[in-house]
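Heads up, the thing below is written out as structure tokens.
Here the structure is a predicted model, which means the values were calculated and not measured. The chain is numbered in sequence order, starting from 1.
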Amino acid sequence: METFAEILPHAFEHAFIDTLKLVPFLFVTYLAMEALEHYASSKSIVAVRRAGTAGPVIGALLGVVPQCGFSAAAATLYSARVITLGTLFAVFLSTSDEMLPIMIAAQAPAGFIAEVLAIKALCGLIAGFAIDVVLRLRHHAVEAMRIRDLCERDHCGCDDESDAPSALSDACQKHEESAANCIDDWDAEYSNGEERGAELACASDERHERDHVHAHNSPHGHAHGFGAIAKSSLVHTLQVTLFIFLVSLALEIVIDGVGEDALASFISANSNLSVVVSAIVGLIPNCAASVVLTELYLEGALSTGAMLAGLLVSAGVGLLVLFRANRPMHENFLIVAGLVACGVVFGFIVGVFGIAL
């Protein structure tokens, strides 16, 4: 068995490389959110939310790309309530992480790989739309965007760029309230099938003027252009990157110490509960989970249903970002439980119908 001194350099290297790959995704995501917060009017926010109804489609397709950066980006966007919960699930369930490279390296048939990717995307699409529809039918209120909340919690420094008087803070607060009301108004009209586009009540001249005041004078650094946005985005990115690196390093040390063989033995030893066990293993926010699940299936030690259950739940570092950025914390545990439930249900469905790839 390797000593800690032998494990640490290998674990550090893997954690560093895996984390480094995420930096561009995180920075671009925060940059887009900061720009939206600084420059978007109420009408722009409504347009983003309206486009978000098709989010599960886009999320399911992006998740197929073999890069867990999309799950990290989705977790960040959901934490700021830019995308819907259904879109988040669509990305998480369709994310392939290290599955695709392992299958290609094992020279798995192209048709088989395409089927697995298509099934994961379809499961993400179904679950994503189902979640959004259920929330809408339950008249779940559409939450206002929380981009500014993320800034305040992370102390990104964007509030320090301006010495504007407190009256402008009130204007900023009124803007956010008007945006929330605007979204609620749209949500009610959408539910009744009454699309009025630019005729929404929130598009009044008074609110437009309020947007103008907010965009150019608020204490959130709006008057400082791209420099302030880039600085804030960089601070967010560095904070989240450090968190991901530290957790990934700890996981690498544990997994290298225990060994992937032990993880594989744990899964294969519970054949009767393999679907549930695979789904639980898929929660490990490390590429080792998807690697082990894929290799076990290719070796014939894991059923199709169990393999899919684990790989559907395997969202990579997206879960780490979610727990780092999203509040309230109890909601994160509910999302994790929902992911496991989706993985288990889809896995059992595949097993019951005897679907073999």
Side-chain angles (χ1 to χ4, degrees), residues 1-2 7 10-11 14-15 18 63-68 71 92-124 127 248 251-319 336-337 339-357:
M1 184 175 179
E2 291 182 304
I7 291 174
H10 176 266
H14 273 256
D18 290 343
V64 171
V65 179
Q67 172 55 261
C68 57
S71 65
F92 277 8
L93 292 172
S94 64
T95 295
S96 60
D97 201 14
E98 295 297 321
M99 178 199 76
L100 188 56
I102 294 297
M103 287 185 174
I104 293 176
Q107 298 182 340
F112 164 75
I113 296 176
E115 287 179 349
V116 174
L117 292 175
I119 290 176
K120 280 174 62 65
L122 181 61
C123 291
S248 297
L251 287 172
E252 285 286 350
I253 293 174
V254 171
I255 292 174
D256 286 352
V258 174
E260 291 185 5
D261 291 339
L263 187 60
S265 298
F266 172 71
I267 299 174
S268 57
N270 296 273
S271 56
N272 293 330
L273 297 174
S274 60
V275 172
V276 177
V277 173
S278 296
I280 294 174
V281 170
L283 286 175
I284 300 175
N286 184 279
C287 60
S290 58
V291 169
V292 169
L293 290 166
T294 304
E295 289 180 343
L296 284 177
Y297 177 77
L298 294 175
E299 292 170 2
L302 206 61
S303 67
T304 303
M307 180 267 293
L308 281 175
L311 293 180
L312 283 170
V313 177
S314 185
V317 297
L319 288 175
V336 168
L339 280 175
V340 173
C342 288
V344 170
V345 168
F346 285 121
F348 275 127
I349 289 175
V350 169
V352 168
F353 287 96
I355 299 174
L357 302 178

Between S248 and D18, does a side-chain contact (heavy atoms from CB on, under 4.5 Å) hold up when you go through it step by step?
-> CA-CA 8 Å; S248 297; D18 290 343; 5.8 Å; no
In terms of heavy-atom contacts, V344 and A279 come closest through CG2-CB, 3.8 Å
How many angstroms lie between atom CE of M103 and atom CD of E295, to the nearest 0.5 angstrom?
-> 11.0 Å
Pairwise side-chain contact, F92 with L319, heavy-atom cut-off 4.5 Å (strictly under) | yes
Those residues at least two apart in sequence (or on a different chain) that pass side-chain contact (heavy atoms from CB on, under 4.5 Å) with A127 are L93, C342, F346
Side-chain heavy atoms of L312 within contact of C123, under 4.5 Å | yes
Under the side-chain contact (heavy atoms from CB on, under 4.5 Å) rule, collect the residues that match up with I104, sequence neighbours excluded.
-> L100, I113
Quick one: are I119 and L308 in side-chain contact, heavy atoms under 4.5 Å?
-> yes
Report yes if the side chains of S290 and L311 come closer than 4.5 Å at any heavy-atom pair, otherwise no.
-> yes
Which atom of G282 lies closest to which atom of L293, heavy atoms considered | CA-CD1, 4.4 Å
Enter the distance from L298:CG to M99:CE here, rounded to the nearest 0.5 Å.
-> 10.0 Å
With A306, which residues qualify under side-chain contact (heavy atoms from CB on, under 4.5 Å), at least two apart?
-> S274, V275, S278, L302, S303
